[in-house]
Amino acid sequence: MPSEVVDDAAEAGLPIATSDAPTLDVLRHSAAHLMAAAVTELFPGAKYDVGPSIEDGFFYNFRLPGDAHFTEDDLGVIEERMRLLSKRALPYLPDVLPRAEARALFEQLDQPFKVAIIDRLDAGVDRVSVYRTGDFIDLCRGPHVADSGVVHAFKLLRVAGVYWLGDERNEQLQRVYGTAWFSDEELDAYLHRLEEARRRDHRRLGQELDLFSFPEELGSGLVVFHPNGGLIRTLMEDYSRERHIAAGYEFVNTPHITKEDLFQISGHLDWFSEGVFPPLELDEGQRYYLKPMNCPMHILIFRSRMRSYRELPLRLFEFGTVYRYEKSGVVHGLTRARGFTQDDAHIFCSREQMQGELVSLLDFTLGLLRDYGLSDFYLELSTKPEGKAVGTDKEWEEATGALREAASGRGLELVLDPGGGTFYGPKISVQARDAIGRTWQISTIQVDFQLPHRFGLEFVDPSGGTSRPIMIHRALFGSIERFFAILVEHYAGAFPLWLAPVQCELIPVQDDEPAVVASIADLAARMRAARLRPHVDDRPGERMQARVRTAELHKVPYVVVIGKRDVERNDGMLSLRDNRRGGAQQQVAVDDLIERLTAEVRERRPE
RNA sequence: GCCGACGUAGCUCAGUGGUAGAGCAGCGGUUUCGUAAACCGCUGGCCGGGAGUUCGAAUCUCCCCGUCGGCUCCA
């Protein structure tokens with residue numbers, strides 16, 4: 001959900017005339033009015049709904065007369081009209097009207113959305129403000145810029161269908177999005193940022209770097225990793241595995257399908273049915289489901305025998321592949337797939353151990369993410385979703401309190417997400433900012449009293465009696481595919497050396513010089529012996545320049561070019577090109593080169 | 001799921017009712033070149049799938065699949 005500074009016109013109240021030093025919000029809100037003015041001129045009979053400023057821009061919702069719809073081509077036309085209106089420097093004129101009079105006005109203008117807004121105002125509101133811009137009049141609490149001439153650095157970006165009042169049972173309106181800034185320079189900079197985001201798009205880089213694909217025959221939201229992507233993924237998993245072993249996790253494996261009983265008991269079929277693929281029917285009418293979550297399987301492992309308090313905390317880890325039915329319109333590359341693999345673990349512990357586990361878990365999580373090159377975090381605490389939750393208020397309070405406790409004192413910003421928890425418990429999400437400042441939800445840590453209860457889990461406590469364990473669900477990458485996509489975008493495809501599929505491209509200047517060929521082969525062998533991943537570009541018929549270019553396009557971190565001159569000089573020095581630093585070159589000795597690269601890998605340097 | 005746009009060679013795209021095209025990639029040859037593209041030639045397509053309209057469909061209509069931008073959802 002993008003953070004929208006919603007101009008809830010329902011609060012239309014006292015007018016604030018014009019703003020001498022308008023903020024970006026004011027400017028953008030004024031741009032929204034200007035757009036609506038242009039639209040109502042160009043499309044007589046258009047009904048306008050609301051038009052707030054949002055992050056980086058603004059929008060306005062419309063219903064066009066008849067079955068008419070905006071097309072992308074209309075954006076240019078509307079934009080032109082806006083420029084015309086802008087040049088006329090039309091003042092934004094405020095007025096205050098008695099509520100009934102305003103209602104009659106919009107009734108007369110045949111603007112049903114505005115009438116509806118007035119009707120939804122609190123009973124105590126008896127006066128509302130309106131703004132006029134040329135012939136356009138809008139219910140609005142302001143403030144606005146002085147005149148439309150201030151709104152000149154803008155661009156309309158896209159058109160979208162939206163539900164009236166955001167409720168999918170309502171009719172769909174058309175929303176036009178735009179961006180607006182005080183100066184053309186700022187506008188250009190913003191458009192540049194959009195371009196930069198497009199350049200980093202993991203779907204595009206996934207194809208260019210031959211990392212993965214979504215074959216149409218496979219079905220929407222289902223991915224295949226190619227050798228390059230597969231290697232990166234394996235390296236990501238290997239390091240995660242190593243760290244989990246060190247942190248006291250034990251590894252388990254579970255199947256991809258299960259009888260419905262399991263998810264009946266867990267409650268997923270009641271609470272999560274929309275996300276579950278339809279069942280497979282067996283001959284005897286037995287129903288099997290693809291697993292949307294791993295937790296019930298791990299619970300069965302816990303429950304497979306009597307457990308002692310001495311075994312706790314029991315941390316069961318699995319790269320568990322799950323399948324979730326995502327609505328067709330929401331599938332999006334690797335970040336929203338229908339089949340994906342979680343780095344999923346469930347920690348079974350006593351109530352007394354819970355707090356300590358959460359604290360060390362959060363440390364573990366942030367440390368691991370930092371090793372993958374992310375360093376700018378904030379935390380989000382999601383609380384009980386009213387009406388969609390199981391368990392008592394007391395349990396929810398305890399679990400929420402424990403999470404809050406663990407999250408505080410981390411030196412990280414903690415944002416509240418009311419009602420955002422799962423049906424079985426509250427959660428902390430770790431959010432990270434990437435290289436161009438976008439935020440991604442990464443890790444999730446959830447406290448759960450419910451599943452242990454539903455599955456009747458218990459352990460023998462020190463007194464010889466039985467107690468019920470607490471479960472902590474946690475996925476640090478979230479989903480490997482998603483985390484992979486985030487890294488692709490964060491690094492713009494130029495992975496740090498320890499994750500780069502090819503770490504050093506070795507390029508012969510001549511293919512037919514035995515001494516050059518031998519020198520390259522020798523260097524490649526020495527690098528492999530040092531557990532580095534060199535690649536020799538000996539494609540016949542390609543010139544050295546073309547090979548350098550290919551290595552650059554493939555975002556290979558380092559390039560070594562060896563030719564006759566090097567061999568003849570015979571001083572052991574090589575020409576090393578650093579692709580991540582604009583192709584900067586330097587001379588290095590072979591031993592130094594290998595030492596330098598292995599150190600960079602060992603330290604997992606982010607670039 | 002909903003609104004809109006789109007789907008032509010491995011990739012990026014041109015082609016709007018009359019014989020399917022370009023660049024790159026791939027393959028074959030020539031070239032052996034010092035840090036971002038040598039040159040010549042060749043191959044490559046059920047124009048996403050199906051049904052319809054038409055003498056004739058990549059092109060028009062409908063259904064399905066898939067992609068993109070949003071909405072809703074992200075439990």
Side-chain angles (χ1 to χ4, degrees), chain A residues 1-2 59 61 63 67 69-74 157-177 198 201 203-204 207-208 210 213-222 267-276 292-293 324-333 335-337 382 385 387-390 419-425 427 429 441 444 446 478-479 482 505 507-513 516-517 539-554 559-566 575-579 582-586:
Chain A
M1 192 65 195
F59 67 73
N61 296 340
R63 180 171 73 203
D67 287 333
H69 287 280
F70 293 118
T71 66
E72 303 278 329
D73 295 338
D74 291 328
L157 296 174
R158 60 184 68 95
V159 44
V162 297
Y163 300 106
W164 184 51
L165 301 179
D167 187 327
E168 62 182 323
R169 289 165 302 192
N170 289 339
E171 73 164 304
Q172 269 203 318
L173 307 177
Q174 285 213 293
R175 173 176 297 176
V176 180
Y177 283 97
R198 266 192 290 278
D201 191 308
R203 294 165 300 183
R204 172 193 179 128
Q207 182 175 84
E208 286 175 3
D210 197 12
S213 61
F214 293 90
E216 197 174 324
E217 297 83 344
L218 210 49
S220 180
L222 300 171
H268 286 103
L269 288 179
D270 290 333
W271 296 95
F272 191 57
S273 56
E274 271 193 6
V276 182
M293 296 191 173
R324 299 186 184 177
Y325 180 75
E326 299 287 356
K327 289 191 213 165
S328 59
V330 308
V331 169
H332 182 94
T335 58
R336 199 76 184 275
S382 302
K388 286 177 69 182
V390 293
T422 70
F423 72 85
Y424 51 73
K427 65 180 182 189
S429 308
Q441 183 186 316
T444 171
Q446 306 167 355
S479 116
R482 184 180 149 80
E505 193 71 52
I507 298 177
V509 180
Q510 301 86 13
D511 297 320
D512 56 355
E513 286 289 334
V516 170
V517 172
R539 292 173 298 164
E542 293 295 350
R543 293 163 72 230
M544 177 273 299
Q545 287 89 340
R547 291 171 176 170
V548 169
R549 178 169 191 265
T550 302
E552 168 67 35
L553 292 177
H554 289 173
V559 175
V560 170
V561 174
I562 298 180
K564 255 192 292 199
R565 296 207 306 244
D566 300 289
S575 169
L576 179 67
R577 178 190 170 95
D578 186 341
N579 270 340
Q585 289 173 51
Q586 58 182 295

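Here is the naming used below: chain letters follow the sequence lines, and residue numbers restart at 1 for every chain.
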[N] pairs with which nucleotide, Watson-Crick or G-U wobble, both distances below 3.5 Å?
N: B:G45; result: none
N: B:U30; result: B:A38
N: B:C60; result: B:G52
N: B:C71; result: B:G1
N: B:U12; result: B:A22
N: B:G7; result: B:C65

inquiry  = Using a 4.0 Å heavy-atom cut-off, does A:Arg203 contact any base of the nucleic acid, only the sugar-phosphate backbone, or nothing at all?
reply    =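 Answer is sugar-phosphate: A:Arg203 comes under 4.0 Å of backbone atoms only.
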query = So what does A:His332 touch, heavy atoms closer than 4.0 Å: a base, only the sugar-phosphate, or nothing?
reply =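 Sugar-phosphate contact only - A:His332 comes under 4.0 Å of backbone atoms but never of a base.
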Which whole number of Å gives the distance between the [atom1] atom of [N] and that of [M]?
N: B:U72; M: B:C2; atom1: C1'; result: 8 Å
N: B:U59; M: B:A51; atom1: P; result: 14 Å
N: B:C11; M: B:G45; atom1: P; result: 14 Å
N: B:C68; M: B:C55; atom1: P; result: 40 Å
N: B:A36; M: B:U19; atom1: C1'; result: 41 Å
N: B:U54; M: B:G7; atom1: P; result: 26 Å
N: B:G66; M: B:G49; atom1: P; result: 15 Å
N: B:C65; M: B:A25; atom1: C1'; result: 27 Å

Could you check how far [atom1] of [X] sits from [atom2] of [N], rounded to whole Å?
X: A:Phe423; N: B:C74; atom1: CZ; atom2: C1'; answer: 15 Å
X: A:Gln446; N: B:C74; atom1: CD; atom2: P; answer: 13 Å
X: A:Glu208; N: B:G10; atom1: CD; atom2: P; answer: 18 Å
X: A:Arg336; N: B:U67; atom1: CZ; atom2: P; answer: 14 Å
X: A:Arg539; N: B:A38; atom1: CZ; atom2: C1'; answer: 13 Å
X: A:Arg547; N: B:A36; atom1: CZ; atom2: P; answer: 15 Å
X: A:Asn579; N: B:A36; atom1: CG; atom2: P; answer: 9 Å
X: A:Asn61; N: B:U72; atom1: CG; atom2: C1'; answer: 14 Å

query = Taking C-beta and beyond as the side chain, do A:Gln441 and A:Arg482 meet within less than 4.5 Å on heavy atoms?
reply =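 They are in contact (side-chain heavy atoms under 4.5 Å apart), so the answer is yes.
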key: Non-neighbouring partners of A:Phe70 that pass ring-ring contact (aromatic ring centres under 6.0 Å, His included), sequence neighbours left out   =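 Residues passing ring-ring contact (aromatic ring centres under 6.0 Å, His included) with A:Phe70: A:Phe43, A:Phe62.
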query = In chain order, what residues pass the ring-ring contact (aromatic ring centres under 6.0 Å, His included) check against A:Phe423, with sequence neighbours excluded?
reply =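 For A:Phe423, the residues satisfying ring-ring contact (aromatic ring centres under 6.0 Å, His included) (neighbours in sequence not counted) are A:His268, A:Trp271.
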key: Result of checking A:Gln545, A:Glu542, A:Arg539 against A:Thr550 for side chain to side chain donor-acceptor pair (under 3.5 Å)   =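 The side chain to side chain donor-acceptor pair (under 3.5 Å) with A:Thr550 is passed solely by A:Arg539 among A:Gln545, A:Glu542, A:Arg539.
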note = Each nucleotide of nucleotides 2-8 of chain B classed B (base within 4.0 Å of a protein heavy atom), S (only sugar-phosphate) or -, in 5' to 3' order, makes BBS--B-
Nucleic acid footprint by protein, nucleotides 27-35 of chain B - heavy-atom cut-off 4.0 Å, B for base, S for sugar-phosphate alone = ---BBBBBB
Identify which nucleotide among [options] has an atom closest to any side-chain atom of [X], counting heavy atoms from C-beta outward.
X: A:Arg175; options: B:U72, B:C71, B:A36; answer: B:C71
X: A:Ala546; options: B:U67, B:C71, B:A37; answer: B:A37
X: A:Glu168; options: B:G1, B:A75, B:G70; answer: B:G1

Would you please name every residue forming a salt bridge (charged side-chain N to carboxylate O under 4.0 Å, His left out) with [X], sequence neighbours left out?
X: A:Asp167; result: A:Arg169
X: A:Glu171; result: A:Arg63
X: A:Glu274; result: none
X: A:Asp566; result: A:Arg569

ask   = Between A:Thr422 and A:Val331, which is nearer to the 5' end of RNA chain B once each is assigned its nearest nucleotide?
value =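 The answer here is A:Val331.
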key: A:Arg577/A:Glu552 under side chain to side chain contact (heavy atoms under 4.5 Å, CB included): CA gap, chis, key distance, verdict   = CA-CA 10 Å; A:Arg577 178 190 170 95; A:Glu552 168 67 35; 4.0 Å; yes
request  = Would you sort out whether A:Val509 and A:Val516 count as a side chain to side chain contact (heavy atoms under 4.5 Å, CB included), showing the intermediate values?
outcome  = CA-CA 8 Å; A:Val509 180; A:Val516 170; 5.8 Å; no
ask   = Passes side chain to side chain contact (heavy atoms under 4.5 Å, CB included), A:Val159 versus A:Asp74? Steps please.
value = CA-CA 9 Å; A:Val159 44; A:Asp74 291 328; over 6 Å; no
task = Output all residues satisfying side-chain contact (heavy atoms from CB on, under 4.5 Å) with A:Leu553, sequence neighbours left out; order by chain, then residue number.
result =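 Once residues adjacent in sequence are excluded, the partners of A:Leu553 under the side-chain contact (heavy atoms from CB on, under 4.5 Å) criterion are A:Arg549.
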With the criterion being N/O to N/O and under 3.5 Å, what pairs connect the protein with nucleotides 41-45 of chain B, and how long is each?
none

inquiry  = With a cut-off of less than 4.0 Å, is there a side-chain N or O of A:Lys327 near OP1 or OP2 of B:C71?
reply    =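 A:Lys327 to B:C71 OP1/OP2: no side-chain N or O under 4.0 Å.
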Listed partners of A:His69 passing side chain to side chain donor-acceptor pair (under 3.5 Å), at least two apart =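 Per chain and number, A:His69 pairs via side chain to side chain donor-acceptor pair (under 3.5 Å) with no residue.
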Sub-3.5 Å pairs of nitrogen or oxygen atoms, protein against nucleotides 11-14 of chain B:
residue : atom : partner  : partner atom : Å
B:C11   : O3'  : A:Gln207 : OE1          : 2.8
B:U12   : OP1  : A:Gln207 : OE1          : 3.3

message = Walk me through whether A:Arg336 and A:Val331 qualify under side chain to side chain contact (heavy atoms under 4.5 Å, CB included).
response = CA-CA 5 Å; A:Arg336 199 76 184 275; A:Val331 169; 5.6 Å; no
inquiry  = So which atom in A:Pro215 and which in A:Ser213 form the shortest heavy-atom distance, rounded to 0.1 Å?
reply    =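 Minimum heavy-atom separation between A:Pro215 and A:Ser213: CD-O, 3.4 Å.
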